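Some notes on the structure that comes next.
Bear in mind that the values here come from a model prediction, so they are computed numbers and not experimental data.
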Amino acid sequence: MPIARSILGPAPTGDPAFAALKSRLVARTGHHYYADKDDLLWERVGRRMRVRGVPDPAGYLGLLEESEAEWAALESEITIGETFFFRYAEQFAALRGTILPERIAARGDERRLRIWSAGCSTGPETHSVAIVLRELLGERLPDWRIGLTGTDINRDVLAVARRAVYGAWALRTLGPEERERYFRPGPREGTFALRPEYRGLARFEPQNLMSLLDGTASLALTDYDLILCRNVLIYFHPDVVQALVRALARRLRPGGWLLLGHAEPNPAFAEFLEAVPLPGTAAYRRPGEGAVPDLPPPPAQPDPVPDAAPGFHSIWAPLLPPEPAAPDVATAETPTREPRTAPLPAPPPEGGPLATVRALADAGDLEASWQACRVALGQAPTDPRLRYYEGLLARARARPEEAERAFRGALYLDKGFVMAHYHLGLTLVAAGRTEAGRRAIANALRLAAHLPADAILPEGDGLTAADLSGAARPFLGDEAA
């Protein structure tokens, strides 16, 4: 039987070799994300099996046992990530306005900073930090020793990070002036190369976060002023997350900062880290004195663990909004809350299929995100947010006509959807329909003008009304005056 034919179809869940392969993979990478995603895992393992000409899971497991290089290739296959510059505007506002200035002042005598971007993917977060550092230090930069390191388990994305050449999708929140300031034309049409003065600040290394727990991590991973580990921990089992955050805290110098994703804070972290209330940022600091305690011993009679693999919601629960009946929990964004005499209305539900679509896209799996979006639209065809993400994904897949239809569908359902107007405009401009594109962008500006300047735009990845004004007006030329 041809190999390509033998590995089509659903995952062979009844094959002990596949179960062993999945178990080995989860144990090695910590990616509990795949514990209940057999078909997705099988699709990605199948790609490597086709490349290596292996017909079945047993044969491929044997190959992995013999080849560390194949392990690296498989890890790259399952962790391909996508991100973009200055993602999460509020986090970078906190870095620029509070965190890095504080660290620069605190380390002024030594003139040394150590920063770690863990799970850096293709490098935009790390390079964005480099840009901010250069702008904050200015002429003082040559006098400082800057250790800015990005790490990832995926060696392929690290190669992209080192080249620092990106397409327009990775620069999508930058206005024309910022693009010109930070980038120059890349080697191929439509690409942008980060200018050397920014690229030279960062270095990139392969690193498995699980090495923090098994004792194999480099001794150099210590004494950090800042660790960024955003939207990485969602892939790990909750027990592993607890241990990893403790390990990261130990690698901070006293007073150092740890930034996590919005979905990742846990009240238990307060045992060894101080939550700092910064707008839109899950920020923690290691206390100025005192060691990070070890994990407490397990209870004598632990809760029973079900035999079956956890279901979808057990893995993605941190991404979903709290249930209305859940008690209030202090987080990094809301460190304390006053007692309420009556419960506030619950926010509109925003998890489930939409969260899946967003998370898959954030992880760089555009194909899986596209498929999830199509399924979700079949169940909720009148959700304008799903139509909007359909448009973004169609643009990323170089399908401008589908993108236009999707954005127009979102606007048919919600005429006030600012980001849908804006991205419809960008799509039309890119297609050469400049006047129609400008009209759509002008509509976005008109709607945003009725909002406070610091209002966060829905589905704008932290973009404020003022940010949109700055990004959109160059497309309008004299009309914006």
For this session: Go through the structure and list residues passing ring pair (Phe, Tyr, Trp, His ring centres under 6.0 Å) with W257, not counting sequence neighbours.
Result: none
Problem set entry | Check: R145 side chain, R112 main-chain N or O, donor-acceptor pair, under 3.5 Å | no
Exercise. Of all residues at least two apart in sequence or in a different chain, which pass the ring pair (Phe, Tyr, Trp, His ring centres under 6.0 Å) check with F192?
Worked result: none
For this session: Calculate, to the nearest 0.5 Å, the distance between atoms CG and CG belonging to L228 and L95 respectively.
Result: 6.0 Å
Exercise. Looking at residues at least two apart in the chain, or sitting in another chain, which of them share a side-chain hydrogen bond (donor to acceptor under 3.5 Å, both in side chains) with R48?
Worked result: E70
Exercise. Do side-chain atoms of T122 reach the backbone of A161 as a donor and acceptor pair under 3.5 angstrom?
Worked result: no
Problem set entry | Qualifying side-chain hydrogen bond (donor to acceptor under 3.5 Å, both in side chains) pairs with a residue from residues 405-416, counting only residues at least two apart or across chains | E404-R408
For this session: Applying side-chain hydrogen bond (donor to acceptor under 3.5 Å, both in side chains), name anything that partners T191, two or more places apart in sequence or on another chain.
Result: none
Exercise. What residues form a salt bridge (charged side-chain N to carboxylate O under 4.0 Å, His left out) with R387, not counting sequence neighbours?
Worked result: E390
Exercise. Got L136 and P101 here, is their nearest side-chain heavy-atom distance under 4.5 Å?
Worked result: yes
Exercise. Can you name the residues that form a side-chain hydrogen bond (donor to acceptor under 3.5 Å, both in side chains) with E68, not counting sequence neighbours?
Worked result: R28
Exercise. Are D223 and R253 close enough for a salt bridge, meaning some N to O gap below 4.0 Å?
Worked result: yes
Seminar exercise, completed: Heavy atoms of G150 and L158 approach each other most closely as O-CD2, 4.3 Å
Problem set entry | Partner set under ring pair (Phe, Tyr, Trp, His ring centres under 6.0 Å) for F85, not counting sequence neighbours | Y166, F183
For this session: Output yes when R47 and E43 qualify as a salt bridge under the 4.0 Å nitrogen-oxygen rule, no when they do not.
Result: yes
For this session: For R163, check salt bridge (charged side-chain N to carboxylate O under 4.0 Å, His left out) against everything at least two apart and list the hits.
Result: none
Problem set entry | salt bridge (Lys or Arg N to Asp or Glu O under 4.0 Å) pairs, two or more places apart, involving residues 118-140 | R96-E135, E135-R181
Exercise. Taking atom CG of L174 and atom CD1 of I131, what is their separation to the nearest 0.5 Å?
Worked result: 7.5 Å
Problem set entry | Check: R172 and L426 side chains under 4.5 Å, non-hydrogen atoms | no
For this session: Give, for atom CD of Q242 and atom CZ of F269, the distance between the pair rounded to the nearest 0.5 Å.
Result: 5.5 Å
Exercise. Are any side-chain N or O atoms of R195 and backbone N or O atoms of E180, one a donor and one an acceptor, separated by less than 3.5 Å?
Worked result: yes
Exercise. Where is the tightest heavy-atom contact between L194 and Y182, given as atom of each residue plus distance?
Worked result: CD1-O, 3.4 Å
Problem set entry | Partner residues of T151 under the side-chain hydrogen bond (donor to acceptor under 3.5 Å, both in side chains) criterion, sequence neighbours left out | W116
For this session: To the nearest 0.5 angstrom, please state how far the CG atom of L113 sits from the CG atom of L137.
Result: 7.0 Å
Problem set entry | Shortest non-hydrogen separation from R199 to A164 and the atoms involved | CD-CB, 3.5 Å
Problem set entry | Spatial distance of atom OH (Y388) from atom SG (C373) [nearest 0.5 Å] | 12.0 Å
Exercise. Hey, what do you get for OG1 (T434) to CZ (R439), rounding to the nearest 0.5 Å?
Worked result: 10.5 Å
Exercise. Is the closest side-chain heavy-atom distance between V245 and L258 below 4.5 Å?
Worked result: yes
Seminar exercise, completed: Residues pairing under ring pair (Phe, Tyr, Trp, His ring centres under 6.0 Å) where one sits in residues 127-158, two or more places apart or in two chains, turn out to be H127-F204
Exercise. Any idea which heavy atoms bring L209 and C229 closest together, and the distance?
Worked result: CD1-SG, 4.3 Å
